[in-house]
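First the structure, in the form of structure tokens, and then the observations on it.
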2 protein chains.
Amino acid sequence: MMQPHKRVIGPAIVRTRMGQTTMVKRTSFEGDACPIARSLDALGDWWSLLIIREALFGLRRFGEFQNKLGMAKNILSARLRALVDRGILATAPASDGSAYQEYVLTPKGRGTFPILVALRQWSEEFDDRPEEIATILVDREKGRPVKKLEMRAEDGRLLTPADTTLKPRSARRRSA
Amino acid sequence: MMQPHKRVIGPAIVRTRMGQTTMVKRTSFEGDACPIARSLDALGDWWSLLIIREALFGLRRFGEFQNKLGMAKNILSARLRALVDRGILATAPASDGSAYQEYVLTPKGRGTFPILVALRQWSEEFDDRPEEIATILVDREKGRPVKKLEMRAEDGRLLTPADTTLKPRSARRRSA
DNA sequence: TTGTGTGGTTGCATCATAAAACCAAATGCC
DNA sequence: GGCATTTGGTTTTATGATGCAACCACACAA
């Protein structure tokens with residue numbers, strides 16, 4: 001795959017208390033060519049995915065997130081703002097008619113579902129103490145566990161990691 | 001869902017709004033009942049998945065990771081150690097006969113592949129500047145993009161998030 | 001109007017980070 | 001063997017984000 005290249009995004013001059021200035025390299029993967037890094041840049045802090053998870057289950061209000069996740073309010077506030085900035089959540093007027101605000105998932109936010117499922121399944125499969133896992137994700141209709149995510153080729157063949165490779169995006173097939 | 005119980009243990013990477021990453025005191029979800037939280041506890045810092053990604057592509061040596069990822073050596077050292085502790089990587093004597101050590105993925109580590117694919121696909125689908133993404137994951141045989149991960153029921157029905165629900169693990173079907 | 005709950009922001013101490021300097025062992029070269 | 005260099009880290013240091021708690025503003029209720 002590609003590696004994230006570290007790059008100095010902006011001149012970040014920092015003044016030490018000794019009066020010196022130093023250049024702080026900000027390692028950001030925003031603008032990086034690696035899509036994994038780009039995703040991590042948007043979701044990579046660990047509260048964000050938990051917030052999204054709760055949102056997928058219907059939480060919308062600041063207080064609901066705060067109660068459920070038990071996180072500091074300032075952090076929640078910062079995370080919600082970041083998620084809104086990134087188009088993962090959107091603010092909306094409260095659905096119950098109150099003047100308060102709600103945070104709802106955008107399609108981009110709902111699109112993280114496979115990521116959450118993948119994380120869940122990894123835990124289910126490899127956790128050292130699986131008996132501590134409290135819930136199973138099931139198909140609502142049948143009540144049976146959802147199947148493990150699998151990678152398939154366009155034609156439906158099941159793929160292992162070794163069956164895949166990375167191609168430069170620019171090298172798109174030009175014929176048909 | 002579960003409430004994480006806060007417990008300060010290990011490091012976690014957090015992204016600031018400037019795009020910097022920083023490691024902070026983290027509340028750990030180890031021992032939590034939510035499998036997503038448990039996964040995030042093991043993988044949830046952002047360097048770890050990138051290290052795993054490189055490892056999937058064959059990197060094994062400390063120096064290789066360091067060069068490729070461009071991260072501080074102390075952080076890499078800490079991450080590698082944490083990943084080894086968690087059974088995601090294992091140390092092995094160098095394959096080239098030298099006295100140095102190598103870090104190789106365990107099955108548990110290789111099991112993160114769907115997570116990486118999910119992250120990648122999310123980026124490919126929702127990124128604001130998809131043209132900046134340099135690579136595509138393709139089926140090696142045909143050179144065509146791998147199909148988007150999809151959730152299916154045991155019987156093969158395609159599932160949306162709304163088609164799923166969580167069930168307590170203890171409430172396993174006792175009949176049949 | 002006063003009072004209470006919701007939805008935050010602000011201040012502050014802690015502590016993990018990231019960069020760089022340092023160091024030891026292994027290897028290469030002669 | 002002896003010396004230099006590379007590899008693989010650890011230590012040191014400064015920064016600054018986190019998490020907690022206090023505070024605040026607005027909405028809503030009475």
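Here is how names work: the chains are called A, B, and so on, in the same order as the sequence lines, proteins then strands, and each is numbered from 1.
Using a 4.0 Å cut-off, no side-chain N or O of Gln101(A) falls inside it from OP1 or OP2 of dT6(C). Distances shorter than 4.0 Å separate some side-chain N or O of Trp47(A) from OP1 or OP2 on dG19(D). For the OP1/OP2 pair of dT10(D) and a distance below 4.0 Å, the side-chain nitrogens and oxygens of Ser77(B) include at least one atom meeting the criterion. Applying the 4.0 Å criterion to OP1 and OP2 of dG5(C), one finds that Arg61(A) has every side-chain N and O outside that range.
Rounding to whole angstrom units, CD of residue Glu64(A) and P of dG5(C) are separated by 17 Å. Following rounding to the nearest Å, Lys73(B) (NZ) and dT6(D) (P) show an atom-to-atom distance of 13 Å. In this structure, Phe62(A) places its CZ atom 14 Å from C1' of dG5(C), rounding to the nearest Å. One interatomic measurement links the two molecules: CG of Asp96(B) to P of dT7(D), which rounds to 11 Å at whole-angstrom precision. Counting to the nearest Å, the P atom of dG8(C) and the CG atom of Leu80(A) are 8 Å from each other.
Looking only at side-chain heavy atoms (C-beta outward), Ser48(A) and Leu83(A) come within less than 4.5 Å of each other. Using a 4.5 Å cut-off on side-chain heavy atoms (C-beta onward), Tyr103(A) and Leu59(A) make no contact. Contact check for Thr106(A) versus Leu89(A): no side-chain heavy atoms found under the 4.5 Å cut-off. Within the 4.5 Å cutoff, the side chain of Thr135(B) has no heavy atoms near those of the Cys34(A) side chain.
Picking from dT18(D), dG8(C), dG9(D) the nucleotide with the shortest atom distance to the side chain of Arg79(A) gives dT18(D). Out of dT9(C), dA18(C), dG19(D), the shortest distance to the side chain of Ala72(B) is found at dA18(C).
The NZ atom of Lys108(B) sits 10.0 Å away from the CD1 atom of Ile52(B) when rounded to the nearest 0.5 Å. In this structure, the separation between CG on Leu76(B) and NZ on Lys68(B) is 14.5 Å, given to the nearest 0.5 Å.
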Pairs: protein N or O with nucleotides 10-13 of chain C N or O, under 3.5 Å:
| from | atom 1 | to | atom 2 | distance (Å) |
| --- | --- | --- | --- | --- |
| dG11(C) | O6 | Asn74(A) | ND2 | 3.4 |

Tabulate protein N/O versus nucleotide N/O from nucleotides 26-30 of chain D, keeping only pairs under 3.5 Å, one per line.
| from | atom 1 | to | atom 2 | distance (Å) |
| --- | --- | --- | --- | --- |
| dC28(D) | OP1 | Ala99(A) | N | 2.6 |

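Remark: Ser123(B) engages Pro35(A), Arg38(A), Ser39(A), Asp127(B), Ile133(B) in a side chain to side chain contact (heavy atoms under 4.5 Å, CB included) (not counting sequence neighbours). Contacts of Arg140(A) classified as salt bridge (charged side-chain N to carboxylate O under 4.0 Å, His left out), with partners at least two apart in sequence or in another chain: none. Looking at residues two or more places apart in sequence or on another chain, you find a side chain to side chain contact (heavy atoms under 4.5 Å, CB included) between Ala94(B) and Arg61(B), Asp96(B), Ser98(B), Glu102(B).
Summary of the strand contacts: Ala78(A) and Tyr103(B) both lie near DNA chain D, and taking for each the nucleotide with the nearest heavy atom, the more 5' one is attributed to Tyr103(B).
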Check: Dot-bracket for DNA chain C, 5' to 3', counting Watson-Crick or G-U wobble pairs under 3.5 Å, with [ ] for crossing pairs and | for inter-strand pairs?
Finding: ||||||||||||||||||||||||||||||
